[in-house]
Amino acid sequence: MSVCALCEHHETPDVLCLGCTAATADRLDRMPRLYEALAGWLPPGSASSAPTGPRVEAPLPVSLPVLSMRGPGGIVGVLEDWRSAMQAARAWGEPHVTGDTAQRVRAAARGLAVNLDWMAAEWQPVAVLAAELRDLERQVRELVDPAPAEERGMRLGACPADVGEGQVCGAVLRYRRGEQAVTCRWCGSTYPRGMWAVLGALVVADEGAQTVPLTSADVAYRAALGVPRDGRLPSALGNA
């Protein structure tokens, strides 16, 4: 008996303990979904709403960290490199690679998953593979959900600002309790309270409204607009 090569805690006759093997299997299963989840964080979007609010100079057309994670050296590269190494260790030759990147991610993850029992039992490099998958998942989650829930605020919908050449920003707008203005963290457009009624008619709202506790200033502002004291932003944003 020896200790698990990944957690270095549990005793096991294999390279990985049962817990680390199961966790690695789960991560392989999640990799295609994590890859797909990143698609929504590449460009800010393409909402068709009319423009409003000021804008900053020419934002980048894509998020570079997300593009890198979805590119050749990202998720697909990590999975395919490890699948190739695994097959070489088993004298199977190079895996057949075909399809678009999403299909390649699924194929590589599946190829590793179906051989995980053998790897966990006999193949020493599996500990490095498992650690890389753990880090890869953490990086993806930090990209799509970088802040704690209490810091993210209430999701309103897509930023309708014009970012040039007829393109609408489309990044997610969020309201944080007590703010005097909603600011797009992608393009920099700012929507002060006086514009919220117009903004509410332009954003692409999502289902599942969240309630934001009101400050006295919030209550006073809603009273001035004739908005019910239900903890929500102006009625046009009520479905956000």
Side-chain angles (χ1 to χ4, degrees), residues 33-34 36-67 69-70 137-240:
R33 297 195 296 276
L34 291 173
E36 294 293 345
L38 284 171
W41 297 82
L42 263 173
S46 56
S48 58
S49 306
T52 187
R55 63 182 176 89
V56 297
E57 294 300 320
L60 290 173
V62 295
S63 166
L64 294 182
V66 175
L67 181 64
M69 195 64 70
R70 283 178 57 90
E137 183 176 56
R138 175 184 53 78
Q139 292 172 39
V140 173
R141 292 189 181 281
E142 288 176 353
L143 285 172
V144 302
D145 193 14
E150 62 270 24
E151 296 178 13
R152 292 196 300 271
M154 184 173 74
R155 182 187 178 105
L156 303 180
C159 174
D162 181 0
V163 293
E165 299 183 355
Q167 296 296 311
V168 173
C169 173
V172 175
L173 292 175
R174 292 186 181 275
Y175 171 79
R176 293 162 186 83
R177 184 175 57 186
E179 285 185 336
Q180 300 302 307
V182 173
T183 300
C184 176
R185 293 193 173 187
W186 181 273
C187 73
S189 295
T190 299
Y191 306 92
R193 287 178 177 268
M195 294 180 63
W196 283 1
V198 176
L199 175 63
L202 295 174
V203 297
V204 178
D206 298 317
E207 294 183 356
Q210 301 178 43
T211 298
V212 177
L214 300 179
T215 65
S216 58
D218 292 326
V219 172
Y221 179 71
R222 282 158 178 73
L225 291 180
V227 177
R229 291 181 55 177
D230 60 359
R232 303 183 191 279
L233 287 175
S235 58
L237 300 180
N239 293 326

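Predicted model, so just to flag it, every value in this text is computed and none were measured. Below, each value reflects all heavy atoms present in this structure, side chains not excepted, and no hydrogens, waters or symmetry copies.
Counting all heavy atoms, side chain and backbone alike, Tyr191 lies closest to Met195 at CD2-CE, 4.0 Å. Of all non-hydrogen atoms in Pro192 and Ala181, the two that sit nearest each other are CA-CB, 3.7 Å. Here the closest heavy-atom approach between residue Glu137 and residue Leu34 is recorded as CG-CD1, 3.7 Å.
Taken to the nearest 0.5 Å, the CD atom of Gln139 stands 10.5 Å off from the CG atom of Leu38.
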